Amino acid sequence: MKKYTKTHEWIDTETGKVGVSNYAQEQLGDIVYVELPAVGKEVKKGERIVSLESVKAAGDVYAPVSGKIVAVNDKVNAMPELINQDPEGEGWLVQIEMSNPAELDELLTEDEYKATL
């Protein structure tokens with residue numbers, strides 16, 4: 001199951017994979033550069049973890065939960081357009097090992113998220 005933030009990130013509650021919503025990639029336009037964090041980095045909920053640059057704007061991606069970065073999606077470094085093509089699938093950005101799974105309760109369901117758009 002996915003949960004969403006008001007700042008347009010999603011997290012897969014089972015795997016800890018994090019990415020940007022379809023809405024966010026549409027707002028950014030064609031993404032041309034991704035700056036991913038180092039594996040092993042400890043992050044706090046709400047902290048900037050990824051920078052995205054598109055042809056028209058730059059955007060930051062914030063950690064939806066606290067924990068440790070256990071994987072990054074190297075595919076998006078080589079092919080940033082994956083984020084535009086499949087933002088909630090193959091275009092995932094990082095995987096977080098959650099230190100406080102209760103933080104998931106503060107996030108939005110898909111229906112709640114869509115209602116904020």
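For reference, positions follow the sequence shown, starting with 1. From a predicted model like this one, the values you see are computed outputs, not experimental measurements.
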Exercise. Would S21 and Y113 count as having a side-chain donor-acceptor pair, cut-off 3.5 Å?
Worked result: yes

Exercise. Does K44 offer a backbone N or O that forms a donor-acceptor pair with the side chain of E47 under 3.5 Å?
Worked result: yes

Exercise. Going by distance alone, is a donor N or O of one side chain under 3.5 Å from an acceptor N or O of the other, for E9 and T7?
Worked result: yes

Exercise. Checking D12 side chain against G16 main chain: does a donor-acceptor pair fall under 3.5 Å?
Worked result: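 It does not hold such a pair.
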
For this session: Please tell me if the side chains of V43 and I96 come closer than 4.5 Å, counting only heavy atoms from C-beta onward.
Result: yes

Exercise. Would I31 and W92 show up in the same hydrophobic cluster when neighbours are defined by side-chain heavy atoms closer than 4.5 Å?
Worked result: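 Different hydrophobic clusters.
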
For this session: Could you tell me whether the side chain of V32 reaches within less than 4.5 Å of the side chain of P80, counting heavy atoms only?
Result: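 No - every pair of side-chain heavy atoms lies 4.5 Å or more apart.
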
Problem set entry | Carboxylate-amine/guanidinium proximity below 4.0 Å for E110 and K2 | no

Problem set entry | Side-chain heavy atoms of V50 within contact of P37, under 4.5 Å |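 In contact.
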
Problem set entry | L108 and T116: CA distance, side-chain angles, deciding distance, side chain to side chain contact (heavy atoms under 4.5 Å, CB included) verdict | CA-CA 10 Å; L108 306 171; T116 69; 4.1 Å; yes

Exercise. Does I49 belong to the same Ile/Leu/Val/Met/Phe/Trp/Tyr cluster as Y33, with side-chain heavy atoms less than 4.5 Å apart forming each link?
Worked result: no

Exercise. Any side-chain heavy-atom pair from Q95 and T15 closer than 4.5 angstrom?
Worked result: yes

Exercise. Going through the checks in order, is the side chain to side chain contact (heavy atoms under 4.5 Å, CB included) test met by V34 and L52?
Worked result: CA-CA 5 Å; V34 182; L52 301 174; 3.9 Å; yes

For this session: Can you see which heavy atom on A71 is nearest to which on V39, and at what distance?
Result: CA-CG2, 4.1 Å

Exercise. Which heavy atom of G29 sits nearest a heavy atom of N84, and at what distance?
Worked result: O-ND2, 2.8 Å

Exercise. Does NZ in K68 sit with more than 12 non-hydrogen atoms of other residues, nucleotides or ligands closer than 6.0 Å?
Worked result: no

Seminar exercise, completed: On a heavy-atom basis, the closest approach of N22 and E88 is N-OE2, 3.2 Å

For this session: Measure the shortest side-chain to side-chain distance between V18 and L93 over non-hydrogen atoms and say whether it is less than 4.5 angstrom.
Result: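 V18 vs L93: side chains apart.
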
Problem set entry | Check: S51 and V61 side chains under 4.5 Å, non-hydrogen atoms | no

Problem set entry | Pair K6 + E106, salt bridge at N-O below 4.0 Å |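 Here K6 does not pair with E106 in a salt bridge, since their nearest N and O are not under 4.0 Å apart.
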
Exercise. Who passes ring pair (Phe, Tyr, Trp, His ring centres under 6.0 Å) against Y23, sequence neighbours left out?
Worked result: H8

Exercise. How far apart are the closest heavy atoms of K3 and T13, and which atoms are they?
Worked result: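 Scanning both residues, the minimum pair turns out to be CG-CG2, 3.4 Å.
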
Exercise. Taking atom types as modelled, is there a side-chain donor on E103 or S66 under 3.5 Å from an acceptor on the other?
Worked result: yes

